[in-house]
Amino acid sequence: QVHLVESGGGSVQAGGSLRLSCAASEPRTACVAWFRQAPGKEREGVASVYTGGRSTPIYADSVKGRFTISQDNAKNTIDLQMNSLKPEDTAMYYCAAYWAYGGSFYCGIRSSEYHYWGQGTQVTVAS
(Lines give C-alpha, C1' and ligand atoms only; values in the text may rest on other atoms or scores of the structure.)
Protein backbone atom coordinates (compact mmCIF):
# COMPACT_ATOMS: atom_id res chain seq x y z
CA GLN A 1 0.00 0.00 0.00
CA VAL A 2 1.46 3.32 -1.07
CA HIS A 3 1.00 6.26 1.23
CA LEU A 4 1.12 9.89 0.20
CA VAL A 5 1.42 12.52 2.90
CA GLU A 6 0.80 16.20 2.28
CA SER A 7 2.11 19.02 4.43
CA GLY A 8 2.40 22.78 4.34
CA GLY A 9 -1.20 23.91 4.31
CA GLY A 10 -2.45 26.76 6.42
CA SER A 11 -4.08 30.16 6.42
CA VAL A 12 -2.73 33.18 4.60
CA GLN A 13 -3.87 36.61 3.47
CA ALA A 14 -4.65 37.23 -0.19
CA GLY A 15 -1.46 37.89 -2.09
CA GLY A 16 0.55 35.67 0.19
CA SER A 17 2.37 32.42 -0.47
CA LEU A 18 2.36 28.85 0.76
CA ARG A 19 4.42 25.83 -0.15
CA LEU A 20 2.87 22.37 -0.06
CA SER A 21 4.89 19.17 0.00
CA CYS A 22 3.92 15.63 -0.93
CA ALA A 23 5.98 12.69 0.33
CA ALA A 24 5.50 9.15 -0.95
CA SER A 25 6.22 5.99 1.00
CA GLU A 26 7.88 4.43 -2.07
CA PRO A 27 10.53 6.19 -4.17
CA ARG A 28 9.31 5.12 -7.61
CA THR A 29 8.97 7.09 -10.81
CA ALA A 30 5.48 8.40 -11.12
CA CYS A 31 3.10 11.01 -12.33
CA VAL A 32 2.38 13.18 -9.34
CA ALA A 33 -0.31 15.80 -9.29
CA TRP A 34 -1.93 18.24 -6.96
CA PHE A 35 -5.70 18.52 -6.89
CA ARG A 36 -7.98 20.71 -4.86
CA GLN A 37 -11.57 20.64 -3.80
CA ALA A 38 -13.54 23.48 -2.30
CA PRO A 39 -16.81 22.87 -0.43
CA GLY A 40 -19.64 22.28 -2.86
CA LYS A 41 -17.32 22.14 -5.86
CA GLU A 42 -15.85 19.36 -7.95
CA ARG A 43 -12.27 18.26 -7.50
CA GLU A 44 -9.99 20.27 -9.76
CA GLY A 45 -6.59 19.31 -11.11
CA VAL A 46 -4.05 22.00 -10.27
CA ALA A 47 -0.66 20.82 -11.52
CA SER A 48 1.19 17.65 -12.46
CA VAL A 49 4.73 16.49 -13.08
CA TYR A 50 6.56 13.31 -14.08
CA THR A 51 9.31 12.36 -11.63
CA GLY A 52 11.17 9.92 -13.87
CA GLY A 53 12.77 12.15 -16.44
CA ARG A 54 12.11 14.99 -18.79
CA SER A 55 8.59 16.36 -18.68
CA THR A 56 6.77 19.64 -18.94
CA PRO A 57 4.65 20.34 -15.88
CA ILE A 58 0.98 20.83 -16.55
CA TYR A 59 -1.02 23.58 -14.86
CA ALA A 60 -4.66 24.46 -14.69
CA ASP A 61 -5.40 27.80 -16.32
CA SER A 62 -6.57 29.16 -12.98
CA VAL A 63 -3.10 28.83 -11.44
CA LYS A 64 -0.73 29.41 -14.37
CA GLY A 65 1.90 31.98 -13.53
CA ARG A 66 1.17 31.73 -9.80
CA PHE A 67 1.80 28.10 -8.87
CA THR A 68 4.90 26.02 -9.54
CA ILE A 69 5.18 22.26 -9.14
CA SER A 70 8.66 20.88 -8.60
CA GLN A 71 10.57 17.86 -7.41
CA ASP A 72 12.84 18.18 -4.40
CA ASN A 73 15.28 15.30 -4.78
CA ALA A 74 16.96 15.98 -1.46
CA LYS A 75 13.70 15.60 0.45
CA ASN A 76 12.10 13.17 -2.02
CA THR A 77 9.01 15.31 -2.23
CA ILE A 78 6.88 16.93 -4.88
CA ASP A 79 6.25 20.50 -3.88
CA LEU A 80 3.67 23.03 -4.93
CA GLN A 81 4.78 26.62 -4.51
CA MET A 82 1.73 28.85 -4.44
CA ASN A 83 2.23 32.58 -4.87
CA SER A 84 -0.18 35.48 -5.24
CA LEU A 85 -2.85 33.46 -3.52
CA LYS A 86 -6.47 34.46 -3.96
CA PRO A 87 -9.53 33.70 -1.81
CA GLU A 88 -10.75 31.41 -4.60
CA ASP A 89 -7.69 29.22 -4.02
CA THR A 90 -9.20 28.20 -0.69
CA ALA A 91 -9.69 24.43 -0.76
CA MET A 92 -8.49 21.11 0.51
CA TYR A 93 -5.40 20.24 -1.51
CA TYR A 94 -4.61 16.62 -2.33
CA CYS A 95 -1.52 14.95 -3.66
CA ALA A 96 -2.08 12.03 -6.03
CA ALA A 97 0.14 9.66 -7.98
CA TYR A 98 0.35 6.70 -10.29
CA TRP A 99 3.41 4.78 -11.34
CA ALA A 100 4.85 5.60 -14.74
CA TYR A 101 8.04 4.67 -16.58
CA GLY A 102 10.22 5.93 -19.36
CA GLY A 103 12.52 8.83 -20.16
CA SER A 104 9.61 11.16 -20.60
CA PHE A 105 5.94 10.93 -19.81
CA TYR A 106 2.88 13.09 -20.15
CA CYS A 107 1.07 13.44 -16.84
CA GLY A 108 -2.39 14.94 -17.03
CA ILE A 109 -4.53 16.46 -14.33
CA ARG A 110 -7.64 14.33 -14.55
CA SER A 111 -8.40 12.72 -11.23
CA SER A 112 -9.55 9.47 -12.84
CA GLU A 113 -5.96 8.79 -13.96
CA TYR A 114 -4.56 8.71 -10.44
CA HIS A 115 -4.48 5.62 -8.24
CA TYR A 116 -2.99 6.82 -4.97
CA TRP A 117 -4.21 9.74 -2.92
CA GLY A 118 -3.15 11.55 0.20
CA GLN A 119 -5.46 12.70 2.96
CA GLY A 120 -5.26 16.34 1.98
CA THR A 121 -4.10 19.58 3.54
CA GLN A 122 -6.28 22.64 3.98
CA VAL A 123 -5.39 25.95 2.38
CA THR A 124 -7.39 28.99 3.40
CA VAL A 125 -6.86 32.39 1.80
CA ALA A 126 -8.47 35.34 3.51
CA SER A 127 -9.47 38.43 1.59
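Just so it is clear, the values below take in all heavy atoms, side chains as well, and ignore hydrogens, waters and symmetry mates.
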- Message: Listing request: all salt bridge (Lys or Arg N to Asp or Glu O under 4.0 Å) pairs with a residue in residues 115-127, at least two apart in sequence or in separate chains.
- Response: none
What donor-acceptor contacts under 3.5 angstrom involve side-chain atoms of residues 9-24, with partners at least two apart or in another chain?
unit_1	atom_1	unit_2	atom_2	d
Ser17	OG	Asn83	OD1	2.9
Arg19	NE	Asp79	OD2	3.4
Arg19	NH1	Gln81	OE1	2.9
Arg19	NH2	Asp79	OD2	3.3
Ser21	OG	Asp79	OD1	2.8

- Task: Examine distances only and state if a side-chain atom of Tyr59 and a backbone atom of Ile69 form a donor-acceptor pair shorter than 3.5 Å.
- Result: yes
- So, Ser48 side chain and Cys107 main chain: donor-acceptor pair closer than 3.5 Å or not? yes
- Item | Between CG on residue Leu80 and CD on residue Glu6, distance to nearest 0.5 Å | 11.0 Å
- Task: Give every residue pair that meets the salt bridge (Lys or Arg N to Asp or Glu O under 4.0 Å) criterion with at least one member in residues 118-127, sequence neighbours excluded.
- Result: none
- Query: So which heavy atom on Ser127 is nearest to which on Pro87, and how close?
  - Reply: CB-CG, 3.8 Å
- Is it true that Met82 and Val46 fall in one hydrophobic cluster, defined by side-chain heavy atoms closer than 4.5 Å? yes
- Message: Using the salt bridge (Lys or Arg N to Asp or Glu O under 4.0 Å) criterion, which residues pair with Glu113? Sequence neighbours excluded.
- Response: Arg110
Considering only distance and modelled atom types, tabulate donor-acceptor pairs under 3.5 Å from the side chains of residues 92-105, sequence neighbours left out.
unit_1	atom_1	unit_2	atom_2	d
Tyr93	OH	Arg36	NH1	2.9
Tyr93	OH	Asp89	O	2.6
Tyr101	OH	Arg28	NH2	2.8

- Item | Non-hydrogen atoms of Gln71 and Tyr50 that approach each other most closely | OE1-O, 4.4 Å
- Distance (rounded to the nearest 0.5 Å) between Gln119 CD and Leu4 CG: 9.5 Å
- Note on the structure: Residues Gln122 and Ala91: closest non-hydrogen pair is NE2-O, 3.4 Å
- Would you say the side chain of Phe67 lies within less than 4.5 Å of the side chain of Trp34, judging by non-hydrogen atoms? no
- Gly52 to Thr29 - nearest heavy-atom pair and separation: CA-CG2, 3.5 Å
- Query: Yes or no on side chain to side chain contact (heavy atoms under 4.5 Å, CB included) for Ser62 and Glu88, after CA distance, side-chain angles and deciding distance?
  - Reply: CA-CA 10 Å; Ser62 56; Glu88 51 263 44; over 6 Å; no
- Query: Does Ile78 share a hydrophobic cluster with Val5, counting links as ILVMFWY side-chain heavy atoms below 4.5 Å and allowing steps through other members?
  - Reply: no
- Message: If the condition is side chain to side chain donor-acceptor pair (under 3.5 Å), which residues does Lys64 pass it with, not counting sequence neighbours?
- Response: Asp61
- Query: Transitively linked via ILVMFWY side-chain contacts under 4.5 Å: Val63 with Leu85?
  - Reply: yes
